[in-house]
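Have a look at the structure below before the remarks.
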Amino acid sequence: MPVMIDTNEARCALTFSGELNIYNAAETMAQVKAELSKTLPLHLELAEVDEVDAAGLQILMAIRLHALSHGVDFQLANPSDAVMDLIELSDTAGFFGITQVLTEVAA
């Protein structure tokens with residue numbers, strides 16, 4: 001299962017793990033869509049994501065757009081290296097509310 005969902009009165013926590021890609025995007029989005037009908041703050045835990053592609057990024061962006069359009073708090077927590085690499089490559093750090101992206105600078 002690519003996403004575990006834990007919803008309580010205060011927030012909806014979505015914990016992604018493994019691969020978040022085109023091969024499981026439809027299943028993942030179907031799981032997430034049911035939770036997006038609610039207007040709770042969204043907390044995305046991404047530490048255990050091993051691989052993410054453009055389809056996975058689109059899912060994350062859809063969740064972020066939902067939060068923006070409904071005025072819901074959004075927190076992207078502990079993005080794995082794979083997630084951060086794609087966020088940097090796609091230049092979407094600002095969109096996700098990541099204010100500081102550390103990159104290595106050649107000495």
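Below, each value reflects all heavy atoms present in this structure, side chains not excepted, and no hydrogens, waters or symmetry copies. Predicted model, so just to flag it, every value in this text is computed and none were measured.
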Notebook entry, point to check: Within a strict 4.5 Å, meaning less than it, do heavy atoms of the Cys12 and Ile5 side chains meet?
Noted result: yes
Next item on the list: Check the surroundings of atom CZ in Phe95: do more than 12 heavy atoms from other residues, nucleotides or ligands lie under 6.0 Å from it?
Entry: yes
Check: So do the side chains of Thr28 and Tyr23 get within less than 4.5 Å of each other, counting heavy atoms only?
Finding: no
Note to self: Once rounded to the nearest 0.5 Å, what's the spacing between atom CZ of Arg64 and atom CZ of Phe74?
What the structure shows: 5.5 Å
Margin query: Tell me if the CG atom of Leu68 is crowded by more than 12 foreign heavy atoms within 6.0 Å.
Written below: yes
Margin query: What's the separation between atom CZ in Arg11 and atom NE2 in His43, rounded to the nearest 0.5 Å?
Written below: 4.5 Å
Check: Would you say Leu36 and Met29 make side-chain contact, with heavy atoms under 4.5 Å?
Finding: yes
Notebook entry, point to check: Around Asp91, counting heavy atoms of other residues, nucleotides and ligands shown, do more than 12 lie under 6.0 Å from its CG?
Noted result: no
Item checked: More than 12 heavy atoms from other groups under 6.0 Å of CD on Glu48 -> no
Check: With a 3.5 Å cut-off and no angle check, do the side chains of Asn24 and Glu19 form a donor-acceptor pair?
Finding: no
Notebook entry, point to check: Any chain of hydrophobic side-chain contacts (each under 4.5 Å) joining Val52 to Leu65?
Noted result: yes
Note to self: Can you tell me how far apart CD (Glu45) and CG (Leu76) are? Round to the nearest 0.5 Å.
What the structure shows: 9.0 Å
Checklist line | Close side-chain approach of Phe16 and Val32, heavy atoms under 4.5 Å | finding: yes
Notebook entry, point to check: Given a cutoff of under 4.5 Å between side-chain heavy atoms of I, L, V, M, F, W and Y, with clusters grown through shared members, what are the other residues clustered with Leu40?
Noted result: none
Next item on the list: Examine distances only and state if a side-chain atom of His66 and a backbone atom of Ala62 form a donor-acceptor pair shorter than 3.5 Å.
Entry: no
Item checked: Contact summary for Pro41 and Val72, nearest pair of heavy atoms -> CA-CG1, 3.2 Å
Item checked: Passing candidate, side chain to side chain contact (heavy atoms under 4.5 Å, CB included) with Val3, options Ile59, Leu20, Leu14 -> Leu14
Checklist line | For Leu46, the option from Leu60, Asn78, Ile87 that meets side chain to side chain contact (heavy atoms under 4.5 Å, CB included) | finding: Leu60
Notebook entry, point to check: For Leu57 and Ser90, what are the C-alpha separation, side-chain angles and deciding distance, and is it a side-chain contact (heavy atoms from CB on, under 4.5 Å)?
Noted result: CA-CA 9 Å; Leu57 181 63; Ser90 61; 3.6 Å; yes
Next item on the list: Determine yes or no for a side-chain-to-main-chain donor-acceptor pair under 3.5 angstrom, with Asp85 supplying the side chain and Glu88 the backbone.
Entry: no
Note to self: Please check this pair: side chain of Asp73 against backbone of Leu42, looking for a donor-acceptor N/O pair closer than 3.5 Å.
What the structure shows: no
Check: Looking at OG of Ser80 and CD of Glu51, how far apart are the two atoms once the value is rounded to the nearest 0.5 Å?
Finding: 10.5 Å
Check: Minimum heavy-atom separation for Pro79 to Val83, with atom names?
Finding: CB-CG1, 3.8 Å
